[in-house]
Number of protein chains: 4
Amino acid sequence: MPIGKAAIFVEPYRFEITDLPTREVEPGAVLVNVTSAGVCGSDLHYWRGEMKPKITGRPGPVILGHEMTGVVHTLGSGVSTDSMGRPLSEGDRVVFTYFFPCGRCYVCLRGELNHCPHRFRFRASVEEDPYCSGGFAEYYYLHPGHYVFRVPDELPDEAVTAANCAVSQVIYGLQIGGARMGDSVVIQGAGGLGLYATAAARDMGAARVITIDGIAPRLDMARRCGADHVIDINEYATPEARIERVKELTGGWGADVCLEVVGYPQVVAEGLQMLRPGGALVEIGNIWENSNVTLDLSKVIWGQTRIIPAAHYHPQALPAALDFLVRTRDRYPLTSVMSHSYPLERIGEAFEQSEWLGKSEDTAITRAFVAP
Amino acid sequence: MPIGKAAIFVEPYRFEITDLPTREVEPGAVLVNVTSAGVCGSDLHYWRGEMKPKITGRPGPVILGHEMTGVVHTLGSGVSTDSMGRPLSEGDRVVFTYFFPCGRCYVCLRGELNHCPHRFRFRASVEEDPYCSGGFAEYYYLHPGHYVFRVPDELPDEAVTAANCAVSQVIYGLQIGGARMGDSVVIQGAGGLGLYATAAARDMGAARVITIDGIAPRLDMARRCGADHVIDINEYATPEARIERVKELTGGWGADVCLEVVGYPQVVAEGLQMLRPGGALVEIGNIWENSNVTLDLSKVIWGQTRIIPAAHYHPQALPAALDFLVRTRDRYPLTSVMSHSYPLERIGEAFEQSEWLGKSEDTAITRAFVAP
Amino acid sequence: MPIGKAAIFVEPYRFEITDLPTREVEPGAVLVNVTSAGVCGSDLHYWRGEMKPKITGRPGPVILGHEMTGVVHTLGSGVSTDSMGRPLSEGDRVVFTYFFPCGRCYVCLRGELNHCPHRFRFRASVEEDPYCSGGFAEYYYLHPGHYVFRVPDELPDEAVTAANCAVSQVIYGLQIGGARMGDSVVIQGAGGLGLYATAAARDMGAARVITIDGIAPRLDMARRCGADHVIDINEYATPEARIERVKELTGGWGADVCLEVVGYPQVVAEGLQMLRPGGALVEIGNIWENSNVTLDLSKVIWGQTRIIPAAHYHPQALPAALDFLVRTRDRYPLTSVMSHSYPLERIGEAFEQSEWLGKSEDTAITRAFVAP
Amino acid sequence: MPIGKAAIFVEPYRFEITDLPTREVEPGAVLVNVTSAGVCGSDLHYWRGEMKPKITGRPGPVILGHEMTGVVHTLGSGVSTDSMGRPLSEGDRVVFTYFFPCGRCYVCLRGELNHCPHRFRFRASVEEDPYCSGGFAEYYYLHPGHYVFRVPDELPDEAVTAANCAVSQVIYGLQIGGARMGDSVVIQGAGGLGLYATAAARDMGAARVITIDGIAPRLDMARRCGADHVIDINEYATPEARIERVKELTGGWGADVCLEVVGYPQVVAEGLQMLRPGGALVEIGNIWENSNVTLDLSKVIWGQTRIIPAAHYHPQALPAALDFLVRTRDRYPLTSVMSHSYPLERIGEAFEQSEWLGKSEDTAITRAFVAP
């Protein structure tokens, strides 16, 4: 089996580039040659030492990165198609979920595949199993039966890296929030997730997509991604003003669905009040420990507003995301979001660049990515 | 109260134009001045004498037409908004459902408003209550509480007449069939319903919309309305060939949702086989008595395909339809479907023209309409 | 029209008994002679001055009480059946919802009748419209089209008063929480709502019903109402211990649905952790202003647990509640929950008794009621 | 590995008892020692030569039987729990689904596990893989990851054999038909499926369960299983009379859900007319090729009645079925349905007995079973 490079995350702010052996490809498995991996916000958290990566085996140094794409290096015996039943050959470009439900536990029995507690069971330290925990490496190992999808030719690598995370996540979020044709949808935050969500809500036939942020280029980008209205938090400076604005834009009723993708706990209380009676707030952004918010439950009850978390997604959302990216590539500027590219050896610069981009006031979703 | 003209349907192929008094407008009611009414396929059936109009009061001569739009003539006391809560004044352009659920029977109690058996309770003969049974007249009376919606300025009258019937019907059909972003949708038939359905499925984010018909201009129109693929029944001349073609276009799986809008019973058996396991056939077109089809139930069971009828719609579909028509007016040629216009006095010609258009091999959805 | 007695709530802790005229019964309306009205926890809040009753007309003295039953005094013209289509005559025993959706606003259009913001539009002060705001009076006026249901002979009045509030509320709560045969259900609180919920979850085919409280007679009652397990908070004294116990009783997974009916904000955070991944917490009890709880949203996201408020119910829940009470009357001690009865003139004593019962350590759901 | 007996189905009406070697138990797999297998109606069809068993490998002689239970003989490495997470040891009594979704195809991606077209991928002829195709043998091999559940001590073997087929099937059928507390449910047929369905509908809190059959002992049994009403087709001899009777028993509305479990195509047209507007007919029984029925689609549309097939079930239905059997064992006579037991060597007699029981006019659901 081939030997490949990997960027090992050894401690906050430090990677080490090493050569690691791949393992033999079991029947049903697929070895992928990673061609591009994006730096996600969660990777930055690990990098800063604010969170520890979850691995299930023996703790130890790991490979970060879960937004990635690549080409098939080796197909295990018995694998001749992707998960949609399309022919799959070595050399084909592919994407895959970064989690893998077991298919047979209490929640999988009910078809709720994204709730499976064993969905990260193959994440391991580099010492135990180097090539199935992260994308910042030359290889990624898909255990037998892992979901894998051929990438349409129309999509460049840098457009695809976010498909298995941000894009699928917001599509699934809108779906479980019940968004449908004719609905009013609020998107809280116009970062990467927010822009994908804006375009996806538009593509599902929303009557009104209202995107909220405070950075002008992001709001511009939101408009280009299909937002009918944007709310600039500098102009509407209080929660009350923003709630009032949403009501005004929705004939006094409030939105049917609100997607929280900005990651500030306090906006949840605000978002709930932006909803019509019976509306749903889909909670995606506040994934960090101690994302505390104080809610007046009586407002939740009398407002009759549901809080629906969306972590991971039904695997079906990934082919839907690919299709969405292809279909809308001329309409929304979503497929050219990665402006900075670095070879694996310069992964540290990619993280520094991403950190700067996240803080910058004059950028939208351009992000750094790494091409092993 | 004003007196207005009406085209009374006295016997097959014959209308009589008469003056009829309107009634006093009760509190909560609205008197509408009809400005345009389209000839629907069902109207042609009545006209030919193939079906008798359903009226609930004393039988007698009636006014046909249920696809219509108009302006508010008189608002009953207490009415100051439309059903979305927007201000409503005399002179405003409006559309309204052609049915009106009671809101309080066994099925309404469950929120299934379109299943209400009393939804036509106000349809009456012209002798009993002239102005609430049909659109081919100068006035239409909306009983207290009837759903009524302001028409967006962007939409011309002729684009709006179909909103309360064909457009809302297919939107609702796609929704209860469970169509969602990333799905494959088959539309059986590219007449008026089929073209609206094609565009609506596309606007909901379907991955693939496949429209089937046998008339070239309709198939062209389907492509312009967003069909990714069309199946010409002259080219694919057998059910087997068409089923095979759908499978081919869906990676071997079949469609997630199939909408029957052509009104031939036998296509239902065909459509069921075009579905993936677990898919849904939405049955809309076969509304005429004795629309008999023989189904092998074992194929339904082993194919695991649901048959879901869609008659009428949740009232919410109507504002969704208006929004859809506005939003996509530059993308699809849906708002200019009425090519022939006649004054009320020449309603007979409108029906003859519609009859001819329905049979014509070189037209798509252009239809006659009547402007009282 | 008859004149009747009413207990007017004039200020905290004080009622005044007055004679009030009824109004003429409009077509479609029903005048009910109230025979029994229960004191609900929310009535006690008004009584203590902790909350002001919501009335929509001119503020002023009101009649409290919304859990009630009675007999038909006068049927308005055109009313010959109840809302299930069963014949209805003067003298028949009836129950009715204490709210009344308009059926035609933005949310009613979607069939979400219990979300209607106009559902209390007829509540008025005694000066404006005496007989449609509260049950502690000789009459109650059902506006045209109000939901009304005949009471089965098997049920005594005191068993029926809670049907339109507590019983319907928990049935609806379990339904929108998605509880189904084979599920594990936790009920937080074994007061009136909790005991009805325990029995209803059992009657829906739950695999395991686990009821939590701290008062021994209530826990006993919960067992008699079908709880498979009870958790005594004196024995399991910390949230951690109770969460652990629920996990233990559910094979380590947690419950599918948790119903909060105790009205302490902090139990919501606890209840969420009692759920399996993907489970639902149905929030019913914390209806009082400033029912504040601090939630770590990251736990909600990673636990993938939904928060679903249930205020009011689909009207269908009320006939379902009546049927449930009849069907299970020999199995659960639900139909004999009212131990103290007072004539209207002694309504003050009824409230004092209820206050005492609510605080008592040795009672379960016995409650005072008033028989005008 | 042990050698075991098996009853090979060699040709219509003929079995051969042979010794067959088991295979080595892979990691993740389980070898089960079958203790009891019931004769299902479908087995009789194979036996008579009316249908050919579906096997996916090389055709050849097979082992029939899919309703079975047993004890764990050997656990493959890595298997320490059942699919609910409960400890599993050799010697434990178990049941398991007779199908096994792949978890990763187009429909599994959507969580629709029972729609998986690969769910029988391991069925093979005895020459290829003897022990995973049928229950009339000493062993059954569960491939890695197969759903397996420990059997509660309260249930005897003969009560458990139907759990993985008939009981789970009707529970799933009622669930996808949308049956809920307060609903009226019609069960067409009081054979084995019908009696389980009657009791399950009752246990889910149906307001009214109405069971239809023509054999007196079955109707008696239906009453004992919780039917509120039975309709004897000898008394109500025409479809019209039976439809009328259902309407009468449901206040004129019709049933919310109708479960077809008798396997006569023509009852589907009848069942559809027994439904309320918007109701659902769940189609389970007509699994044999050419189960043709002629439907007037216009009645389906105007009746607004859905046809929902139920083949196989979400795996969650199996633990729900076990729980249901335990919980209701003292209430309904469901756990003592197998009256005739035969050793494997006398399997021919078991089939003859079952054939006779199926035709008999004086039996209910007693069935023969085979104890290897």
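Chain identifiers are assigned alphabetically (A, B, ...) following the order of the sequence lines, protein sequences preceding nucleic acid strands; residue numbering begins at 1 within each chain. Everything quoted here is computed from the prediction, not taken from an experiment.
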Novice: What part of Gln304(B) gets closer than 4.5 Å to chain D, counting heavy atoms only: side chain, backbone, both or neither?
Specialist: both
Novice: Find the one option among Ile308(D), Ile176(D), Val107(D) whose heavy-atom pairs under 4.5 Å with chain B are most numerous.
Specialist: Val107(D)
Novice: Rounded at 0.5 Å granularity, tell me how far CD1 in Ile287(D) sits from CD1 in Ile301(B).
Specialist: 7.0 Å
Novice: Would you call the rings of His314(D) and Tyr172(D) parallel, tilted or perpendicular, where under 30° means parallel and over 60° means perpendicular?
Specialist: parallel
Novice: Which region of Ile284(D), side chain (C-beta onward) or backbone (N, CA, C, O), has a non-hydrogen atom less than 4.5 Å from a non-hydrogen atom of chain B, or is it both or neither?
Specialist: backbone
Novice: Have a look at Tyr147(D) and tell me which of Leu113(D), Leu318(D), Asn164(D) forms a side chain to side chain contact (heavy atoms under 4.5 Å, CB included) with it.
Specialist: Leu113(D)
Novice: Classify the angle between the aromatic ring planes of Tyr98(B) and His66(B) as parallel (below 30°), tilted (30 to 60°) or perpendicular (above 60°).
Specialist: tilted
Novice: Can you tell me which portion of Pro117(B) sits under 4.5 Å from chain D's heavy atoms? Options are side chain, backbone, both or neither.
Specialist: side chain
Novice: Using a cut-off of under 4.5 Å for heavy-atom pairs, which of Lys299(B), Glu283(B), His115(B) has the most such pairs with chain D?
Specialist: His115(B)
Novice: Where does Asn114(B) contact chain D at under 4.5 Å (heavy atoms): side chain, backbone, both or neither?
Specialist: both
Novice: Any side-chain to backbone donor/acceptor pair from Thr250(D) onto Lys247(D)? Under 3.5 Å, distance only.
Specialist: yes
Novice: Between the side chains of Thr198(B) and Thr211(B), does any donor sit under 3.5 Å from an acceptor?
Specialist: yes
Novice: Side chain, backbone, both or neither: which part of Trp253(B) has an atom under 4.5 Å from a heavy atom of chain D?
Specialist: side chain
Novice: What part of Leu281(B) gets closer than 4.5 Å to chain D, counting heavy atoms only: side chain, backbone, both or neither?
Specialist: neither
Novice: Go through Val300(B), Thr294(B), Val268(B) and name the one with the most non-hydrogen pairs under 4.5 angstrom from chain D.
Specialist: Thr294(B)
Novice: Which pairs count as salt bridge (Lys or Arg N to Asp or Glu O under 4.0 Å) when at least one residue sits in residues 177-190 of chain B, sequence neighbours excluded?
Specialist: Asp183(B)-Arg110(D)
